[in-house]
There are 2 protein chains.
Amino acid sequence: MVKRTSMDKAPCPIARSLDAIGDWWSLLIVREAFGNVRRFNEFQKRLGLAKNILAARLRDLVAEGILEMQPASDGSAYQEYVLTKKGRRLVTVMIALWQWGEENLFEPGEVPTRLLDKETRQPLRKLQLQTADGHPVRPSDIMIGAPAPVPELRARK
Amino acid sequence: MVKRTSMDKAPCPIARSLDAIGDWWSLLIVREAFGNVRRFNEFQKRLGLAKNILAARLRDLVAEGILEMQPASDGSAYQEYVLTKKGRRLVTVMIALWQWGEENLFEPGEVPTRLLDKETRQPLRKLQLQTADGHPVRPSDIMIGAPAPVPELRARK
DNA sequence: CCGTATCCATTCCGATACTG
DNA sequence: CAGTATCGGAATGGATACGG
């Protein structure tokens, strides 16, 4: 996506994820898609980005299998962009980003847009790391279980 | 960070988060920092990025308060980069990305680097969305609790 | 309404080369 | 070792203008 040294073959899931959705607009588009935005123009208005960029991003997201195109639900002749199952699974990433931003990037006076449980209208519980058997885990309790984070397979020509 | 229309004043936490760490290398650097990488050269070797880029990214991350510089622990004359508390809180974001990538971006035959609980050496439990009172939440059960996702119009009154 | 095609400015990345 | 100084190429992003 971003030229770089494309890490889509790296064994590190983070590198791959970033390769897939690590550019700036992708996750914002996904965020809107979660909010049931489906139409090109709707995305464009809400995000305020140029149409060519939006078109490119949507194309990429469709190619990645995160969005898919469907016939319009309102009978118009156009297509709509909706999240695939894979795309919907990004919800955890979004929430993680949301909660981190909420906690670390707002001044006392500022009010972030909140994310709520639809039923109770209460904020969600913060995501928590847990061991397989359900115990809490601190950042320092984590280790990487394989050779190298970013191997040199993508070394040099 | 990526020029754009800098959204660091947007009320949406995702936009702000992306503004802070949404570019390509930042999270990879943070990932290494979680793995106790602290030295300039160490980052450079492991990530394989150009030194000027690395320098710029490190500078930004320090400016954001995600990394901080400390005197070297081994007595050498240099500084080390270590995660701040704010930086360490990014662990949830990293895990979310890690788990999503692991689940969605690897072919059956491929083996991702795993992330383990240090004590048991078992993979972590998948992050789960929950309501404030601990019930599971599906993506469709979520709503946004404020005016507009990216409202420039509700700027300041 | 949904895009594609252009043009242009900015930024990013990679690869040296060069100091302290 | 830890950067800074450059340079060029690629890609991003913004703003229209133009077709389906």
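The figures here come from the full heavy-atom set of this structure, side chains too, leaving out hydrogens, waters and symmetry mates. Letters A, B, ... mirror the listed sequences (proteins, then strands); counts begin at 1.
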F43(B) near the nucleic acid: base, sugar-phosphate alone, or nothing, with a heavy-atom cut-off under 4.0 Å?
-> nothing
Could you check how far CD1 of I53(B) sits from P of dT6(D), rounded to whole Å?
-> 16 Å
Taking atom P of dC12(C) as reference, at what distance in whole Å does atom CG of L47(B) sit?
-> 17 Å
Does a salt bridge link E42(B) with R38(B), judged by any charged N lying under 4.0 Å from a carboxylate O?
-> no
Ignoring hydrogens and angles, state whether a donor on the side chain of R39(B) or S76(B) is under 3.5 Å from an acceptor on the partner side chain.
-> yes
Between the base of dG14(C) and the side chain of N52(B), is there a donor-acceptor distance below 3.5 Å?
-> yes
Minimum-distance nucleotide (side-chain atoms of N41(B) versus dG14(C), dG13(D), dA2(D)) | dA2(D)
State plainly whether the residues R114(B) and E102(B) are in salt-bridge range, i.e. N to O under 4.0 Å.
-> yes
Hey, does the side chain of R59(B) come within less than 4.0 Å of dG3(D)'s phosphate (OP1/OP2), counting only N and O?
-> no
Output yes when at least one side-chain N/O atom of R39(B) is less than 4.0 Å from OP1 or OP2 of dA2(D), else no.
-> yes
With E103(B), which residues qualify under side-chain hydrogen bond (donor to acceptor under 3.5 Å, both in side chains), at least two apart?
-> R89(A), K126(B)
Below 4.0 angstrom, N of the basic side chain to O of the carboxylate: do R16(B) and E110(A) qualify?
-> yes
Could you please name the option among dG14(D), dT4(D), dC13(C) that lies closest to any side-chain atom of A55(B)?
-> dT4(D)
N/O donor-acceptor pair, side chain Y78(A) with base dC2(C), under 3.5 angstrom = no
Considering heavy-atom distances to DNA chain D, does A50(A) or S76(B) have its closest nucleotide positioned more toward the 5' end?
-> S76(B)
For Q128(A), look at atom CD and say whether over 12 heavy atoms of other residues, nucleotides or ligands are found less than 6.0 Å away.
-> yes
Mind grabbing the angle between the end helix axes of the helix from dG3(C)-dC18(D) to dG20(C)-dC1(D)? Five pairs an end, 10° rounding.
-> 30°
In whole angstroms, how far is the P atom of dG13(D) from the CG atom of D19(B)?
-> 12 Å
Between dG13(D), dG3(C), dA15(D), which nucleotide has the shortest distance from any of its atoms to the side chain of W25(A)?
-> dG13(D)
Select one nucleotide: of dC13(C), dG3(D), dG14(C), the one nearest the side-chain heavy atoms of W24(B).
-> dC13(C)
Tell me, please, which residues at least two apart from E68(A) pass salt bridge (Lys or Arg N to Asp or Glu O under 4.0 Å).
-> none
